[in-house]
Number of protein chains: 2
Amino acid sequence: MPGKSKSTNPAPTLVDVARLADVGLGTASRALSGQNLVSEETRKRVERAAERLGYQRNELARGLRVKRSGAVGIVVPNIGGPFMAQCIRGAQKVLRQAHYTSIIAFTDGDGRIENEEIDYLIRHQIDGILIVPSDGEDSVLHTTRVSKLPVVAFDQPISASTFDSVLVKNKQAAKVAVQHLIGHGHKRIGCIGIHRHLYTIQQRIDGYRSAIKDAGLPPMLEIVSPDDGSVARQIDIWRAMKQPPTAIFSINELTTLQVIEAFASRSIKVPEELALVAFDDVQLGPFLHPPLTAMVQPASRIGESAATQLLARINGNADEPAKRLQLDLDFVIRGSCGCTPTA
Amino acid sequence: MPGKSKSTNPAPTLVDVARLADVGLGTASRALSGQNLVSEETRKRVERAAERLGYQRNELARGLRVKRSGAVGIVVPNIGGPFMAQCIRGAQKVLRQAHYTSIIAFTDGDGRIENEEIDYLIRHQIDGILIVPSDGEDSVLHTTRVSKLPVVAFDQPISASTFDSVLVKNKQAAKVAVQHLIGHGHKRIGCIGIHRHLYTIQQRIDGYRSAIKDAGLPPMLEIVSPDDGSVARQIDIWRAMKQPPTAIFSINELTTLQVIEAFASRSIKVPEELALVAFDDVQLGPFLHPPLTAMVQPASRIGESAATQLLARINGNADEPAKRLQLDLDFVIRGSCGCTPTA
DNA sequence: CTGAAAGCGCTAACAA
DNA sequence: TTGTTAGCGCTTTCAG
């Protein structure tokens with residue numbers, strides 16, 4: 001019958017499948033959702049019909065009905081270095097295995113954007129949130145106000161601490177790193193960093209302080225602005241001192257990048273003039289001159305744990321008390337601390 | 001009335017809003033969706049009601065009704081370096097401005113996973129796909145088979161080329177990079193890379209060949225396996241030759257990382273013994289000894305363009321012929337090529 | 001300009 | 001075991 005050809009054939013629905021398999025709608029649904037309430041034979045028929053039509057179930061419709069979207073939001077400041085990227089991949093891996101999609105949202109560390117993004121995610125009926133909180137304060141209050149959603153924080157904790165979180169042992173690890181420098185005989189160890197307000201940074205500073213104090217050394221702590229060049233300026237200041245530091249503990253990836261830049265542009269000899277130990281690895285860290293000694297975070301595992309906890313919350317145990325995981329770090333000794341690495 | 005307190009109060013729906021504002025359901029809908037088919041006064045009342053209830057519209061339900069999910073899928077092999085991360089952020093930026101969510105899926109460059117992920121996305125009723133095709137072949141055939149979805153490829157083209165794509169001028173840029181080396185007087189220039197089968201790699205090889213041929217030089221082209229160490233091995237082979245290359249053109253980020261590693265572990269002097277020009281920048285590239293000269297891709301712009309094109313397809317112009325954008329690259333001259341950078 | 005009603009594709013209760 | 005039906009929350013006719 002020409003002249004009235006179907007212009008677009010819409011995606012097949014469950015009704016189509018049921019019709020083709022010559023069963024009722026409900027039966028088709030049951031057959032495909034793998035529940036054993038349907039005879040082996042009809043299930044086969046339904047499955048074949050679905051196959052032939054290329055049927056794909058509409059998760060939107062399903063979600064509307066069962067009030068689960070099968071999606072969770074991952075809210076992070078950005079994907080700067082490999083660290084966050086790996087956290088995300090780790091989380092996605094376990095979410096996917098549980099048949100969850102994840103929607104990633106970036107906040108640039110801005111609380112306002114964070115709130116917007118969370119609203120956005122809520123409108124899309126996500127079942128839970130994995131978040132690196134930007135400000136600690138109102139952001140997640142907002143979440144909990146709007147909806148009773150499972151939330152787990154990672155990397156940074158949530159101040160309103162009724163939520164789960166997955167962190168690393170920042171303080172302890174920082175202490176170990178600094179103590180390694182002390183073990184090399186350094187008496188004046190500078191600590192440099194940015195973003196003082198972040199919890200992780202504070203913890204690492206505490207670790208530094210603790211190590212320094214235990215050893216009876218003078219603290220040389222400088223938290224500078226994150227602007228380009230302020231790290232380099234601080235290094236110049238240190239070098240100009242009568243009693244300059246002989247080693248540096250760099251407090252996160254971004255800082256380390258700037259330290260390395262400063263070292264390179266000033267041809268500072270490492271570790272002779274200044275030894276260096278970093279919190280967080282950097283890409284190419286193993287291939288610098290000398291290779292970077294770093295306290296490295298188990299990024300992928302952080303993401304996995306966070307996702308696992310979120311799934312647990314989603315699947316029922318909403319009332320258990322908040323859990324706060326603290327993962328261990330790996331201290332990777334390469335050359336910049338003064339050790340001669342055994343290749 | 002104690003004893004029967006609402007255990008959980010579900011999220012407010014449009015019905016709640018309508019009731020509170022004392023209007024019909026339809027009116028409430030129209031008022032909130034900003035259509036001008038409602039009196040200024042009632043709109044105000046509805047908006048106030050929505051505000052008071054903390055109403056957030058259910059995008060799942062809306063999507064089911066209007067057959068638009070407001071989500072697009074971004075399908076990429078992985079977030080290795082900063083390149084892909086920036087592409088994604090660029091794309092997200094323009095998608096968000098158009099009120100689209102994006103769902104990111106990773107494929108590890110595996111066609112089978114790619115198909116799975118695409119099916120997954122289709123079940124979630126995405127409105128379009130942004131993809132870095134893994135294999136060129138069947139993956140997207142699959143897509144088009146299952147559904148008539150707008151698709152735009154970036155970074156790598158789609159072989160079945162009825163789709164839009166956003167690429168960069170790989171061949172031309174590679175030629176420019178190699179010619180720069182020739183300009184430094186090099187007569188034997190090695191080209192090293194991995195992943196021969198990728199379109200981008202082939203284009204860059206063509207560019208290398210073209211430059212070499214134009215200059216009447218001997219081609220020294222080696223595509224090695226992506227295994228760790230095979231790049232280093234090739235460099236050793238070159239160095240052992242009677243007439244070793246005096247410069248290297250490294251074909252992508254992963255290769256460059258390995259080249260840098262090999263240079264470092266063998267204490268090869270750059271650019272004296274071997275000059276280096278890379279396709280793709282690496283993190284820390286400016287801070288290596290010497291800083292890396294690189295042909296860098298406009299990552300963010302790639303993502304933005306791809307997203308823009310996708311939106312255009314979604315919003316109507318489904319029938320226009322496939323567009324193939326080719327963006328320009330920036331040649332960033334630092335030290336590794338033999339130039340003395342003007343700091 | 002507004003209200004009532006239909007229906008998007010699915011699952012879950014209820015009958016048969 | 002299976003078919004029928006109601007309804008998730010929304011938009012969009014269609015009357016008024």
Side-chain angles (χ1 to χ4, degrees), chain A residues 8-47 49-50 53-71 99 122-127 146-147, chain B residues 8-47 49-50 53-71 99 122-127 146-147:
Chain A
T8 41
N9 55 332
T13 81
L14 199 51
V15 185
D16 301 320
V17 175
R19 191 151 36 210
L20 180 59
D22 198 39
V23 296
L25 176 57
T27 308
S29 172
R30 283 184 293 254
L32 291 180
S33 48
Q35 308 180 40
N36 282 339
L37 307 137
V38 64
S39 81
E40 192 56 29
E41 194 238 316
T42 39
R43 131 154 332 106
K44 283 244 171 67
R45 223 171 51 244
V46 173
E47 274 168 355
L53 293 172
Y55 170 75
Q56 301 264 43
R57 126 171 116 198
N58 183 335
E59 296 285 351
L60 252 56
R62 173 171 214 268
L64 180 59
R65 183 60 230 248
V66 302
K67 289 168 175 316
R68 280 183 51 258
S69 67
H99 297 287
I122 288 176
R123 283 198 292 275
H124 283 267
Q125 309 299 114
I126 44 153
D127 300 326
V146 169
S147 147
Chain B
T8 41
N9 55 332
T13 80
L14 198 51
V15 186
D16 302 319
V17 176
R19 193 151 35 213
L20 180 59
D22 196 40
V23 295
L25 176 56
T27 309
S29 172
R30 284 184 290 256
L32 291 180
S33 48
Q35 308 180 41
N36 282 339
L37 307 136
V38 64
S39 80
E40 192 55 29
E41 194 238 316
T42 38
R43 130 153 333 106
K44 282 246 170 67
R45 225 174 44 247
V46 173
E47 274 168 355
L53 294 171
Y55 169 75
Q56 301 265 45
R57 128 170 114 196
N58 182 334
E59 296 285 350
L60 253 56
R62 171 171 216 268
L64 180 60
R65 182 61 232 244
V66 303
K67 290 167 173 314
R68 278 184 54 258
S69 66
H99 298 286
I122 288 176
R123 283 198 292 277
H124 282 268
Q125 309 300 113
I126 43 152
D127 300 327
V146 169
S147 147

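Values in this document were obtained by computation on a predicted structure and should not be read as measured data. We name chains A, B, ... by the order of the sequence lines, and we start the count at 1 in each one.
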ask   = Is K67(B) near enough to dG9(C) that one of its side-chain N or O atoms lies under 4.0 angstrom from OP1 or OP2?
value = yes
ask   = Would one find a side-chain N or O of T42(B) under 4.0 angstrom from OP1 or OP2 of dT2(C)?
value = yes
Starting from [atom2] on [N], measure out to [atom1] on [X] and report it in whole angstrom.
{"X": "N58(B)", "N": "dG9(D)", "atom1": "CG", "atom2": "P", "result": "7 Å"}
{"X": "R19(B)", "N": "dG9(D)", "atom1": "CZ", "atom2": "P", "result": "12 Å"}
{"X": "L37(A)", "N": "dA15(C)", "atom1": "CG", "atom2": "P", "result": "18 Å"}
{"X": "Q125(B)", "N": "dC8(C)", "atom1": "CD", "atom2": "P", "result": "14 Å"}
{"X": "Y55(B)", "N": "dG9(D)", "atom1": "OH", "atom2": "P", "result": "10 Å"}
{"X": "L25(B)", "N": "dG7(D)", "atom1": "CG", "atom2": "P", "result": "15 Å"}
{"X": "R65(B)", "N": "dT11(D)", "atom1": "CZ", "atom2": "P", "result": "9 Å"}
{"X": "R45(B)", "N": "dG3(C)", "atom1": "CZ", "atom2": "C1'", "result": "13 Å"}

Any base atoms under 4.0 Å from [X], or only sugar-phosphate, or nothing? Heavy atoms, all strands.
{"X": "S33(B)", "value": "nothing"}
{"X": "R57(A)", "value": "sugar-phosphate"}
{"X": "S39(A)", "value": "sugar-phosphate"}
{"X": "L60(B)", "value": "nothing"}

ask   = Just how far is it from atom CZ of R62(A) to atom OG of S29(A), taken to the nearest 0.5 Å?
value = 8.0 Å
Closest nucleotide among dT11(D), dC10(C), dG9(D) to the L14(B) side chain = dT11(D)
inquiry  = Heavy atoms from C-beta onward define the side chain here; which of dC10(C), dT11(D), dT2(D) lies closest to that of V66(B)?
reply    = dT11(D)
task = Hey, which sits more toward the 5' end of DNA chain C by its nearest nucleotide, V23(B) or S29(A)?
result = V23(B)
request  = Would you mind telling me which residue lines up with the more 5' stretch of DNA chain C, V15(A) or A28(B), judged by nearest nucleotide?
outcome  = A28(B)
message = For a 4.5 angstrom cut-off between non-hydrogen side-chain atoms, does D16(B) reach Y55(B)?
response = no
task = Kindly indicate whether the side chain of N58(B), heavy atoms from C-beta on, has any atom under 4.5 Å from the side chain of R123(A).
result = no
message = Salt bridge or not between E40(A) and R43(A)? Use side-chain N to carboxylate O under 4.0 Å.
response = yes
inquiry  = Closer than 4.0 angstrom, basic N to acidic O: yes or no for E47(A) and R45(A)?
reply    = no
message = For a quick check, tell me whether the side chain of R30(B) and the base of dG3(C) share a donor-acceptor pair closer than 3.5 Å.
response = yes
